[in-house]
Amino acid sequence: MTIQWFPGHMAKARRQVTEKLKLIDIVFELVDARIPMSSRNPMIDEIVSSKPRIVLLNKADKADEATTKKWLNYFKDKDIAAIAIDAQNGTGLKQITSLSKELLKEKFDKMAAKGIKPRAIRALIIGIPNVGKSTLINRLAKRNITKTGDRPGVTTAQQWVKVGKELELLDTPGILWPKFEDEMVGFKLATTGAIKDTILNLQEITVFALNFLKEHYPKRLLERYGLEELPEDIVELFDEIAKKRGCVMSGGYIDYDKTSELVLREIRADKLGRLSFETPTEYQEI
Ligand code: GDP
């Protein structure tokens, strides 16, 4: 699902998240491990500043392991709690509860000291579309989705999903918009499948992806497309891939759209292996 974001939609999304924040102790911010910065909402720090947060680098199964390690170190250096997970297969999910308990220990100790009955930690999953929010909620909820009913003082009914005894999630995630200002961010979102190809020019997305792969993963390109060497010129690379894969029209013309679709489909299906499209070095100063 790709939502077309307009200022009105952004304001509404923000309002909905702000309402949900009142109900919870901690935010789980879901990002794509392949593009942890480009898949964040640009205003996230401001929007959730009132709550502790854990950054969940999701789809880690699709990302370059070495780069994910660098990202985890990057967040650690900034004192931001972060975990790499694969919501689809359930990898890394156990750490979510233990880390939440650690981050909220002081708050819950204070509540206990005041004589407040112990309760489960309440959390909200938040992120841009397609980052894996529903997958994570379903995975954490397993089969025993328990509706614990409305909370007092809440006008709209919010359902809670139990995750073991110690954690409860709001069953509807907070959806925020991705960054739009930077064209490179758009290309990264499109390459990883976070936004529809039709939002940007298909061939331009592929030029970005091929240039990136040429620079960072040249061997994977050579192997995947059976090439002897990588041509300097990106159009020549396009042409060679097209010829290898039969994306040539009558008269010998290259079908660039077909080639683009093929390359992007293969990248997204991990046919070129696990890939990350940004590294912390680009963001060290931010
Ligand atoms: P939402 O819009 O944030 O709720 O995203 P969804 O939960 O609908 O997930 C979007 C797509 O990503 C779906 O096709 C999921 O199967 C896939 N997905 C979600 N999490 C993971 C993950 O950790 N690994 C992989 N490989 N795919 C995932």
Side-chain angles (χ1 to χ4, degrees), residues 1-5 9-10 12-14 16-17 20 24 27-44 47-48 53-65 67-69 71-72 75 82-97 99 123-143 145 158-161 163 169-180 185-186 188-199 209 220 264-278:
M1 172 192 57
T2 302
I3 301 169
Q4 291 285 2
W5 295 95
H9 296 144
M10 294 184 190
K12 189 173 173 209
R14 184 177 180 155
Q16 285 174 342
V17 166
K20 288 176 200 242
I24 52 105
V27 169
F28 301 150
E29 182 199 352
L30 219 53
V31 299
D32 189 316
R34 295 167 293 176
I35 47 168
M37 287 296 155
S38 297
S39 58
R40 295 185 105 178
N41 171 271
M43 296 169 80
I44 190 80
I47 295 172
V48 306
R53 187 176 6 149
I54 300 177
V55 176
L56 301 176
L57 299 150
N58 192 38
K59 308 194 187 184
D61 56 306
K62 296 172 89 66
D64 187 324
E65 265 179 301
T67 310
T68 300
K69 273 197 190 128
W71 278 114
L72 289 173
F75 286 114
I83 309 173
I85 64 164
D86 165 1
Q88 195 144 274
N89 291 301
T91 317
L93 304 192
K94 284 217 176 85
Q95 286 180 75
I96 297 177
T97 305
L99 191 53
L124 170 68
I125 289 175
I126 211 170
I128 64 168
N130 289 320
V131 75
K133 297 179 294 301
S134 313
T135 308
L136 179 62
I137 292 172
N138 290 336
R139 186 80 206 189
L140 285 172
K142 295 191 185 130
R143 249 162 254 115
I145 296 179
Q158 297 280 352
Q159 301 292 353
W160 295 84
V161 168
V163 185
L169 290 177
L170 271 182
D171 75 345
T172 50
I175 306 170
L176 290 173
W177 59 96
K179 293 179 208 178
F180 291 113
V185 170
K188 289 176 188 177
L189 288 166
T191 302
T192 54
I195 57 173
K196 271 191 194 151
D197 294 336
T198 46
I199 292 177
R220 309 257 193 111
L264 291 175
R265 193 170 57 240
E266 296 200 343
I267 289 172
R268 292 172 192 156
D270 306 332
K271 300 284 188 210
L272 286 93
R274 296 168 64 164
L275 303 168
S276 292
F277 289 93
E278 59 194 14

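Both ligands and their constituent atoms are indexed starting at 1 by order of listing.
- The N/O atoms of V131, backbone and side chain alike, include one that comes under 3.5 Å of an N/O atom in ligand 1.
- Contact annotation for D61 and ligand 1: only side-chain heavy atoms (C-beta onward) come within less than 4.0 Å of the ligand.
- Which parts of ligand 1 touch K62 is read off a 4.0 Å heavy-atom cut-off, strictly below it: atoms 26 (N).
- When side chains are defined from C-beta on, E278 counts as touching P36, because their heavy atoms get closer than 4.5 Å.
- The closest side-chain heavy-atom distance from L176 to M43 is not below 4.5 Å.
- Heavy-atom proximity to atom 13 (C) of ligand 1, evaluated over L136, T135, I137, is greatest for T135.
- Taking only nitrogen or oxygen atoms, main chain and side chain alike, A87 reaches within less than 3.5 Å of ligand 1.
- Checked against a 3.5 angstrom limit, the closest N/O atoms of G132 and ligand 1 fall inside it.
- Results of the side chain to side chain contact (heavy atoms under 4.5 Å, CB included) test with F28 over L169, I85, I126 single out L169 as the only residue that passes.
- Under the 3.5 Å distance criterion, the side-chain polar atoms of R274 are left unmatched by any main-chain donor or acceptor of R34.
- With contacts defined as side-chain heavy-atom distances shorter than 4.5 Å, the pair D61/T91 does not qualify.
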